[in-house]
Every structure is written in C-alpha cells, then in structure tokens.
**Q** 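Please see the structure below; I have some questions.
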Amino acid sequence: MKKFITIVVLLLMCLNINPVKAQRVEEDGNNIGTYFQLGTYEDDPIIWRCISDDDENGMLLLSDKILCYKAYNAGTNVDDFLSQDMYGSDIWENTTIRAWLNAIENAGNIIWPGNNPPNTKVPLSPFMPYVDEDGFLSERNFSISELSVMKTVSQWQILGPKNAHLSTNGLKKCFQTNYYPFISRYGKYNVFSSGIRNFSHIEGAMYRLSDTMFLIDEAQIYKLWTNFGTVRAYPTQRAFDSVKNDKDYYEGFEEEYMLRTSNRSAQFIFGDDDYSSGICAYSYGVRPAFYLDTTKAEIISGSGSIEEPYIIDGQPQTNAEVYCNGERMQFDEEPVEESERLLVPVRAIFEELGAEVEWEEETQIITAKKEDTTVVMQIDNPEMGNSREVVTLEVPPRLVGERTMVPLRAVSEAFEAKVDYIENLNRVVVDQPKLPMDFGERLEIPMENWQRKDFESIFPDYEPF
C-alpha cells in the first residue's frame, strides 16, 4: 500500500506544472520589427509592431494594420460647403480623433473639444460618425492592467501657419509638409506631392503636447520608412468591410491613414512612401501608436513574430503616476494628495529635473540648484523662493513617514518644466523638452523661385499633371 501511495505521489509531482514567471520586455535596442498583441478593437486582437526604440520616449509601437476609418476632426456646418467649420479644425490638440483615442469613457461620456462631437457626415467622404462609439482606451478594448503598460508622454507637435504663434521651440516658420506650388504648363498653380523619403529633415514651429495614444508624425513615419523601406499598411478585414460598400468609397482609400500633423488640412499616408493631404472632416485610416512602458510590460507568451506575437500585459495602476522625460518615475514613497495637490518625494523629482538637492536637518530647509536657478523650501512653510521671486504654495512641503514630500507642480514649474495632469488616467507628465533633432539637410525653395523651371532642376524625373 505504501509503495502504491509513493508511486501516486511521484506521478502527481511529475504532472504538477509550476506557473512560468512572466518575462520582461527588454529595452536592449533589438526590438525593431518585433510584434506584440495588446487589447482588442471591435473584439479583434490588436497587433502592434515596434517601429523605433531610440527616441526621447523609448519603444514606439504602431498598430500593424489600419483599425478603422474616422475623421481627423468633425465638421460642424454641413450647410455651408465652403466654411472652415464644415471641414473641421486643423490643430491636433483640438481634434475629435485625439479625444477619442485617449478616452477611457464609454459612449455618451466622452468630452469632445469645443463640444463638437463627431456626428456629422461631410459630403463626398466615406465617413461614419463615431459619437456613439466607446473611447478607444475604454474597458471594452483594454483592461486596467493592459492600460498600465502604455506611457503617457510629451512630444513635439508640428504647427501649421494658423497656429505658429503657439510655437515653443524658438521657430515661427512652419515646416514644409507635402505640397510645393508651381506654375504648370496649363498656366494654373498645381502641386507637387512629396514622398516620405523627403522627411530627412524636420524643422519648423512646434510645441509640446501630452498623449497616451496618438497618431504618428512625419519624424516617426520617416523612421518607419528608414527601418522597413515601406510605410504601406492594410486594413483589418472588419475595417475594410465597414467602408467598401460606402457610396463615396474609391479604390485605394482603404490604404490611406492619417498622421497627427495638420498644415491647413489633414495629412495622410498611402502606398510605399506616398504622402498627401485632404479635408480634416473627411475619413482616413487610423493606425494608433503608443510608447511601451517596459518596466511594467510582461510577456505572457509568444515569440515576437507576426505569426506568434508577444502577448503582453501589466499590473493595474493603483495610485497617481508621474512621467518625467519619457519615463515613469518609481518612488520609494508613493505620492500623496493634499488639497487637490500631488506631493512627491523631494530628492526623486529634483534629481530627475537635473537639480542638486541639499537638506538641512536642523532647520528642515530644502535647497535645490540647477544652473542659474535655486529653489528654497522649508517643511510646513508655504513660502518658496525660486531665484526670481517668493511664491506662496497652496500646500507646503510635508514630512510623510521618513520622506520629505514637495508639491510636484510648484517645484517642477520653478525649474521651468511643463506639467500636464491627465485626469481620466490619474497621471502627471512633467516635461523638460530638448529641441527637436536635426535629421539632415533641408530642402527649401525660396518663394521667389517657385516656378516650374526650378522644379525641373530639383526634381528632374517629375512629370507634369
């Protein structure tokens, strides 16, 4: 009998399967081209591809396929065919597509910019209104743990002529996007449409915006083209089925997808390296993108190939999170809220902002220095000096446990950092931007030389319309 019991125990031990410890996604520079599976859209799994892992915010994942077709920004006045309202706003910050991509709310609860929901179909556009659709980041598409692996980051946003005054990078002249005017043989102005390969240099008026989910821009699409030799994308079967029978559908429409840049009109991609623009209220393909938080992302299964993408997940967010310079800050003491202000450990935030910190135990005075700026604070004292003035804080520094906690927004702005609070995700983005990278030699044609003969010398293979 004992022998039988021993055999049974051994068999059970052999059959016992210990859970496999989840593998972390490593930021080792070898992820370009790797496929990941995270979340669903219209109940179909979303496959993402790593297209870059060396920019300011880390590993960039782009939806491998076009998931749907939506307007860049909803029009509001279909009665006036020539009105700007009908064609939609042309600044990413105020677009309905940005609001939808970053919304965790269900249909009916999304806050639309300017109270302008995407519920109007513009003539000549295969556009299905999406006002009755749940937000892209809603629980229908992503679990709480899946949301946690998405960074909330600040990026440079290219500005068009109407919004160049918002520029914060010292430039007021706008980036030349896809059209160069010239006089055709027919006597009228026509356009030359450039390809992605011409984006080797991105320069012009820009400012910073914080997003979790977004559309990529010219610099990011150029990296896609550089790394893979093509920017072509195909829709999911469900996405194609949603537009193929629309009366305004035309062949090739299914491969067009938007960038987040707008220069008077929406910019979109098609083919291997083609680039064009159209009315903001028209429909184009949507390929969402986000930056992966590799400190949270865990590989559940898969090999990283298109056939077996890494299935990834994370851990639910349990407290307010702070992102600074493209990375989620990890504190030894969790941030605390007091009077609607977030307090964080003093040394962690000051050092992340590049400041040296000194603590005087006897007086409980905190001094932080960076270049020409010195910030002085004291525990339970609402006054803060910052080399320029003394300001009164709504919440003074506190001792919480054994840690000195300081108000995040006040100390960040003292060092001229931008602070964004993303309310629906309970996240804070602290941003000290670097100037945009110089990607190469700029091609620019002086205004007085915008004639056909100049295009023949610069683009000798171009054929007129």
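All values derive from a computational prediction rather than experimental measurement.
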**Q** Donor-acceptor check, side chain of Gln378 to backbone of Thr363, threshold 3.5 angstrom: yes or no?
**A** yes
**Q** Can you check whether Gly354's main-chain N or O pairs, donor with acceptor, with Gln432's side chain at less than 3.5 Å?
**A**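 Not at all, since once roles are kept as given, no pair shorter than 3.5 Å links the two residues.
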**Q** Considering all heavy atoms of both residues, which atom of Leu343 and which atom of Pro407 are nearest to each other, and what is their separation?
**A** CG-N, 4.0 Å
**Q** With distance as the sole test, does Arg287 use its side chain to make a donor-acceptor pair with the main-chain N or O of Leu215 at under 3.5 Å?
**A**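 Judged by distance alone, no pair lies under 3.5 Å.
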**Q** Quick check: does any side chain N or O of Tyr72 sit under 3.5 Å from a backbone N or O of Leu259, one acting as donor and the other as acceptor?
**A** no
**Q** Kindly check if the number of other-residue, nucleotide or ligand heavy atoms within 6.0 Å of CG (Asp380) is above 12?
**A** yes
**Q** Does the side chain of Ile216 come within less than 4.5 Å of Ile221's, by heavy atoms?
**A** yes
**Q** Are side-chain heavy atoms of Thr34 and Val25 found at a separation under 4.5 Å?
**A** no
**Q** Closest heavy-atom contact between Arg388 and Ala414?
**A** NH2-O, 3.4 Å
**Q** Does any non-hydrogen side-chain atom of Ile51 lie less than 4.5 Å from one of Asn227?
**A**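 Counting from C-beta outward, Asn227 and Ile51 never come under 4.5 Å.
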**Q** Do Arg140 and Glu42 meet the salt-bridge criterion of a basic N to acidic O distance under 4.0 Å?
**A** yes
**Q** Is there a donor-acceptor pair closer than 3.5 Å between any side-chain N or O of Asn57 and the backbone N or O of Ser154?
**A** yes
**Q** Atom CZ of Arg208 and atom OG of Ser167: how far apart are they, to the nearest 0.5 Å?
**A**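 Going from the CZ atom of Arg208 to the OG atom of Ser167 covers 12.5 Å.
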**Q** Please determine which of Val428, Ile349, Val430 meets the side-chain contact (heavy atoms from CB on, under 4.5 Å) test together with Val344.
**A**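 With Val344 as partner, side-chain contact (heavy atoms from CB on, under 4.5 Å) holds for just one option, Ile349.
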**Q** Quick one: salt bridge (Lys or Arg N to Asp or Glu O under 4.0 Å) partners of Asp44, sequence neighbours excluded?
**A** Arg238
**Q** Would a 4.5 Å heavy-atom cut-off, applied to side chains only, mark Val411 and Met377 as touching?
**A** yes
**Q** Identify the residue among Asp217, Asn163, Asp211, Thr261 that makes a side chain to side chain donor-acceptor pair (under 3.5 Å) with Trp92.
**A**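 In the set Asp217, Asn163, Asp211, Thr261, the residue that makes a side chain to side chain donor-acceptor pair (under 3.5 Å) with Trp92 is Asp211.
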**Q** Do side-chain atoms of Trp156 reach the backbone of Leu209 as a donor and acceptor pair under 3.5 angstrom?
**A** no
**Q** Hey, does Val406 have a side-chain heavy atom less than 4.5 Å from the side chain of Pro397?
**A** yes
**Q** Establish, from distance only, whether the side-chain atoms of Asn119 and Tyr130 form a donor-acceptor pair under 3.5 Å.
**A** no
**Q** Between Ser148 and Gln315 (side chain of the first, backbone of the second, donor and acceptor by atom type, cut-off under 3.5 Å), is there such a pair?
**A** yes
**Q** Pairs in or reaching into residues 323-349: which pass salt bridge (Lys or Arg N to Asp or Glu O under 4.0 Å), with residues at least two apart or in two chains?
**A** Lys151-Glu327, Asp293-Arg328, Asp332-Arg403, Glu338-Arg398, Arg341-Glu394, Arg347-Glu351
**Q** So does Ile91 get a backbone contact from the side chain of Gln157, meaning a donor-acceptor N/O pair under 3.5 Å?
**A** no
**Q** For residues Pro335 and Leu408, determine if any side-chain heavy atom of one lies less than 4.5 Å from a side-chain heavy atom of the other.
**A**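 Side-chain contact under 4.5 Å: no.
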**Q** Once rounded to the nearest 0.5 Å, what's the spacing between atom CG of Leu342 and atom CD of Glu321?
**A**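 If I round to the nearest 0.5 Å, the distance is 11.0 Å.
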**Q** Kindly state each residue pair satisfying ring pair (Phe, Tyr, Trp, His ring centres under 6.0 Å) with at least one member in residues 305-358, sequence neighbours excluded.
**A** Phe36-Tyr310, Phe350-Phe415
**Q** Distance alone, cut at 3.5 Å: any donor-acceptor contact between the side chains of Glu218 and Gln267?
**A** no
**Q** Verify, without hydrogens or angle tests, whether Asn424 (side chain) and Asn102 (backbone) share a donor-acceptor contact under 3.5 angstrom.
**A**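 Between the backbone of Asn102 and the side chain of Asn424 there is a qualifying donor-acceptor contact (under 3.5 Å).
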**Q** Within the side chain of Asn141, is there an N or O that forms a donor-acceptor pair under 3.5 Å with the backbone of Phe136?
**A** yes
**Q** Is Ile306 close to Ile47 at the side-chain level, that is, under 4.5 Å between some pair of heavy atoms?
**A**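 With C-beta onward as the side chain, the pair touches.
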**Q** Check whether any side-chain heavy atom of Ile110 lies under 4.5 Å from a side-chain heavy atom of Asp134, and answer yes or no.
**A** no
